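Computed from a predicted model, the values in this text were never measured in an experiment.
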Amino acid sequence: MSDRVAVFTIPSHRSFADALAAGLIQRFGKDPLGLAGGRILLPNNRAVRALTEAFVRASGSGLLLPRLIPVGDPELDERIGGALDRIDEGAPVPPSIEPLERLLRLGSTIKGEGSANAVRLATDLARALDALLIEKVEPTRLREAIAESDEVAGHWRKSLEKLQLIYEVWPQLLSDAGAIDLAERRNRQLERVAERWRCDPPSGFTVAAGITTAAPAVANLVARVARMPEGMVVIPGLWLANLMPDEEWDALGPDERGHGEETHPQFHLKLLLDRMGVARGEVRQWRSTGGAASSPTRARAVANAMASPDYSHKWGSLGPSARRLTGVRLATLPHAAGEAQAIALALREALETPGKTAALVTPDRQLASRVSALLARWGIEADDSAGRPLSKTAPGTLLLGVASAAAENLAPVTLLALAKHPLVGGEGEERLAWLDAVRAVDLKLRGPRPAAGLAGLDGKLEEVREWRTVRPRFVAVDELLKEPMSLAQFSGGLGAAVQAVAGDSAWRGPAGRMAAELLSEIEASPAAAELIVTADDAVPLLRDLLDARAVRPPYGGHPRVFIWGLLEARLQRTDLMVLGGLNEGTWPPLAAPDPWLAPKVRAKLNLPGLEFRIGLAAHDFASALGAPEVLITRSRRDGRSPTVASRLLMRLDALSGGLPRDVRLERMAQALDDPGSSTPAARPQPSPPPEQRPDRISVTQVDRLKSDPFAFYAQSILKLRRIDPVDADYSAAWKGIAVHAAMQEWLDQDDCNPAKLRWRAEALLQDQGIHPMLRALWAPRLLEAIDWIAELERENRATGRRPLKAEAAGEAAVAGVIVHGRADRIDRLADGGLAIIDYKTGAPPTQKAVDAGFALQLGLLGLIGRAGGFEGVSGDPTAFEYWSLARYRGRFGRLMAPDKDMAPGEFLAHAHANFADAVQKWLTGAEPFTAKLNPAYAPYGDYDQLMRLEEWYGRS
């Protein structure tokens, strides 16, 4: 190689893209065609965009740009720029396999527990293969490293043996398909370019800018550019001797075994220079500054703060100027939502200054999404370069909704979520009519889940007219996952089901087109035909595939507000940089475990360690601190637990003695949505006028009227009813309804024949709508109680008592109002009197409640019977019984007679007196409906939220 080396660095306190553009214009822009004759190699397509915008800013007018060529980043599935991919030399490099096809092929070679798990392992496997390919590790080296690692654990050995087998046979599998890996193709192309430029350098200038990876093929090409007659290499943020003494630089490594200070922000740059064969002393500083520059003093302080642990002792001898971090401030918020609020406020405030730009830089995508949503309150659509995962877009959630509904056999929750999806049901008036129909179906599906599939829904919804409108859209969904199928078949069926549910609206816009392309790729993939998808695999597998694709808007957002990930921020700068999520585990991230390559094997192969990315994150942090104004934010808690401040932030705090707190911003963030002090609600006591008070009341509502008048008011006057949840557990009320129906059939069809009662109960338990768990737990209890009722029936018949009527409805005028109700059963006693029976699947009322007048149901039914209010039933009620199926004194089944200690007629007189008193107070009088008037007898909480119980109950 030539002795001439042209390597420059742009310090981190300057904007890399702007300084590079300004310097190149200054050097080559005097000739209108001077720039157009050159080429600039950049790390990725995002860097191409950033530098293009920098040239536009720097030129101020029209400009013929040089060719901007991305080297390509395999982690982003990017290919090398076409300008380097010539077809006029030697045998052509085979095409690279598509990333999705590669993932599915690897997944089909892994025998895991289900396709979803296989594809997840394939993702890690692809990353391990790329690491080996990028570092040019031959299969023989891998075999030797595995053989030398006898001390690894058994699970590691199994993974390594499988990796070795795949690594050796994988190239042949690709060759059979006429393709190679993307990383391997990039290696070959870059090697060809380096060799061609060695023999025949291109005309015009060549600049390799912003490239920090030390991959051998890239380092070889960059080294060639540095030694070309008109070549230059420009490295971002390299610390020269004025920032990092030679002793510290040399201590970074790597040593002869390839080990070094991987977590240091300069380690990867030193590794690049070593592979280029360039000493740091040969690197010069780029002269042009560009815009958005900060003080060099801050750069020195940042370099001191990031010193290796072995050299951090020098902090004690540093002067004030070497510690000064002017322009950097810190905001610490209580939680992640508050942090997002503070960042949104800072970005919004920046726009008050004309021309000022601001960016949020964070690796935390959840934080970025929150900030983006909060900016929308001011009509600001930030330019989020990372985009959104396809799974978070409307078409993506629609695909997941269809898959979930199919996997769960149209369970009500998934069915209704899909039916209410914003892309389903058309637009405008059509959408409104659709939602009305879905709401009618929703109300009917409240309660326990019906039988699976459309057949079960048909049985549940046969009386709902709107179901005929909703049903046709879900026929294809019902048929989608009836049996295991290949991933390709699932993709085709999923597309057809989505089309049936949502029509063409599912495929509109960038996200819709991307979803359609994904399904088409899967359906056409040979590897997808080998992966079997079951109902358990469908949703997690589909979600992983959707998460891997990002949807970016075809046009940018606000011209002065940006949201960048660490990768996007490396070459860009704004006037205000907000560095968000400075907590340990977020920035820097936790070292991601590698399930395929054991750490000792990685070390033997000289592969980057698992903590290598911590060093990259540290370099990104140090570079972002070069903006003119920097705001660092963190939250004290995440969604689960307290957080620990990032080690990078703690270094700045330790060096500077504590970063200045932006107390004003912290207070503004907390005050923005602060509702202020609140006055707890008083105990509600509505008092409607007499004409609004009901003149009819059910026997089951009287106890509620006396114990919790407000609940009665909400139910009977406001007409509010509690709606059961969808897919609700089998409640006591449901069990009561089912048992009452069985007991009615027993009387109406079997004349209460004791021999046929158990058969009725067993038929009830065999209902396909009952969950197997409920059947297993409830059956022994129910059958024991049913046997007790059969025995009781035999005893009653022996005394001449006979069943008369079941579910007898009646009403009568009592105390000036109409009382109506339904007696579960009425028997004719041997003396001609009537027995009123009430079935209870739970415990009956206590005698104390009866005596206190808070269990009047049986007494009021007796008053109706005495008044002849039950059609076809005559006689005077003289016996009142609760037949409870609950456990009592070691067995299930109990007869409770609330009038056992009363004289004849006293029970009905007691009920009449208590009822008349309640009527006089609340129905014909003006007594307010006070909430929880007698809480000891008000066990139900259906209206607790409406009465704001927690604000006043127990407060003096």
For the residue pair [X] and [Y], establish whether any side-chain heavy-atom pair is separated by less than 4.5 Å.
X	Y	value
L163	L129	yes
V233	V207	no
L252	M244	yes
F267	L272	no
I40	T206	no
Q572	W564	yes

Below 4.0 angstrom, N of the basic side chain to O of the carboxylate: do [X] and [Y] qualify?
X	Y	value
R127	D130	no
D181	R188	no
E195	R198	yes
E191	R186	no
K270	D274	yes
D594	R602	yes

Between S391 and D547, does any side-chain donor sit less than 3.5 Å from a side-chain acceptor? yes
Pair E101-S525, side-chain donor/acceptor within less than 3.5 Å: yes
Considering only residues two or more places apart or on different chains, which pairs with a residue in residues 164-174 satisfy salt bridge (Lys or Arg N to Asp or Glu O under 4.0 Å)? R143-E168
Is the ring pair F205/F28 parallel, tilted or perpendicular, if the boundaries are 30 and 60 degrees? parallel
Applying ring-ring contact (aromatic ring centres under 6.0 Å, His included), can you list everything that pairs with F8, at least two apart in sequence or on another chain? W286
Quick one: do R102 and W170 satisfy side chain to side chain contact (heavy atoms under 4.5 Å, CB included)? Show the steps, please. CA-CA 10 Å; R102 182 195 193 210; W170 179 243; 3.7 Å; yes
